[in-house]
> 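After the structure tokens below, expect a handful of questions from me.
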Amino acid sequence: MNEPTAPKIEFPCSYPIKVLGRANTQFRPIILHVFERHSPGFDQTTITAKSSRGGTFISLTITIEATGPDQLSALHSDLMETGLVSMVI
């Protein structure tokens, strides 16, 4: 039997990215700075934020115009290097 393959992403495309981390006053500005570095001028009006029930964690969903896998990989690495991010989906 053949294994199903994941659909191929065609770049450039709108690409939503969810970033999860502990809620604190530095989280949002630092995350947005990283996104601005990798996707200058992305539309910040599309950002959605959700707090966990207890308020310990926050997630930001940010949509960028992805240009390719190298951009996404570098963005992921820089987000994780902040020390504020628990997960990027």
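Quantities reported herein were computed from a predicted structural model and do not represent experimental measurements.
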> Quick check on the hydrophobic clustering: are F57 and M80 connected, directly or via other members, by side-chain heavy-atom contacts under 4.5 Å?
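Result: no, two separate clusters.
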> With a 4.5 Å limit on heavy-atom distance, are the side chains of T67 and F11 in contact?
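In short, these two side chains do not touch, never coming nearer than 4.5 Å.
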> Would you say that T61 contacts T46 through its side chain, given a criterion of any heavy-atom pair below 4.5 Å between the two side chains?
no
> Examine L75 and V88 and state if one hydrophobic cluster contains both, with Ile, Leu, Val, Met, Phe, Trp and Tyr joined whenever side-chain heavy atoms are less than 4.5 Å apart.
yes
> Only pairs at least two apart or in different chains count here, so list each salt bridge (Lys or Arg N to Asp or Glu O under 4.0 Å) that has a residue in residues 41-57.
none
> On a heavy-atom basis, which atom in A23 and which in G55 lie closest, and how many Å separate them?
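Result for this residue pair: CB-O, 3.6 Å.
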> Identify the heavy atoms of F27 and L20 that sit nearest to each other, and give their distance.
CZ-C, 4.1 Å
> Of all the heavy-atom pairs spanning F42 and I62, show the shortest one and how long it is.
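For F42 versus I62, the nearest heavy atoms are CE1-CG2, 3.5 Å.
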> For S73, is there any backbone N or O sitting under 3.5 Å from a side-chain donor or acceptor partner on S77?
yes
> For the backbone of L79 and the side chain of T82, can you confirm whether one donor and one acceptor N or O come within less than 3.5 Å of each other?
yes
> Quick one, R22 and T56 - any side-chain contact, counting heavy atoms below 4.5 Å?
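Contact flag for R22/T56 side chains = yes.
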> Is there a donor-acceptor pair under 3.5 Å between the side chain of E65 and the backbone N or O of S39?
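Such a contact is absent between E65 side chain and S39 backbone.
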> What distance do H76 atom NE2 and I89 atom CD1 have between them, rounded to the nearest 0.5 Å?
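Between atom NE2 of H76 and atom CD1 of I89 there are 9.5 Å.
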> Side-chain heavy atoms nearer than 4.5 Å, only ILVMFWY residues, links allowed to pass through others: does that put Y15 and F35 together?
yes
> Same cluster or not: are I58 and L32 linked, directly or through other Ile, Leu, Val, Met, Phe, Trp or Tyr residues, by side-chain heavy atoms under 4.5 angstrom apart?
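Shared cluster, yes.
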> Considering all heavy atoms of both residues, which atom of E36 and which atom of Q44 are nearest to each other, and what is their separation?
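Heavy atoms of E36 and Q44 come nearest at OE1-NE2, 4.1 Å.
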> Go through I17 and I64 one step at a time and tell me if the side-chain contact (heavy atoms from CB on, under 4.5 Å) criterion holds.
CA-CA 8 Å; I17 300 169; I64 63 168; 4.0 Å; yes
> Hey, quick one: are V34 and M87 part of the same hydrophobic cluster, counting side-chain heavy atoms closer than 4.5 Å, chains of contacts allowed?
no
> For I47 and R28, which heavy atoms make the closest approach, and how far apart are they?
CG2-NH2, 3.9 Å
> Less than 4.5 Å apart, side chain to side chain, heavy atoms only: is that true for I30 and L84?
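With C-beta onward as the side chain, the pair touches.
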> Below 4.5 Å, heavy atoms only, C-beta onward: do H33 and P29 meet side chain to side chain?
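When only atoms from C-beta onward are counted, P29 and H33 do not touch, as no gap falls below 4.5 Å.
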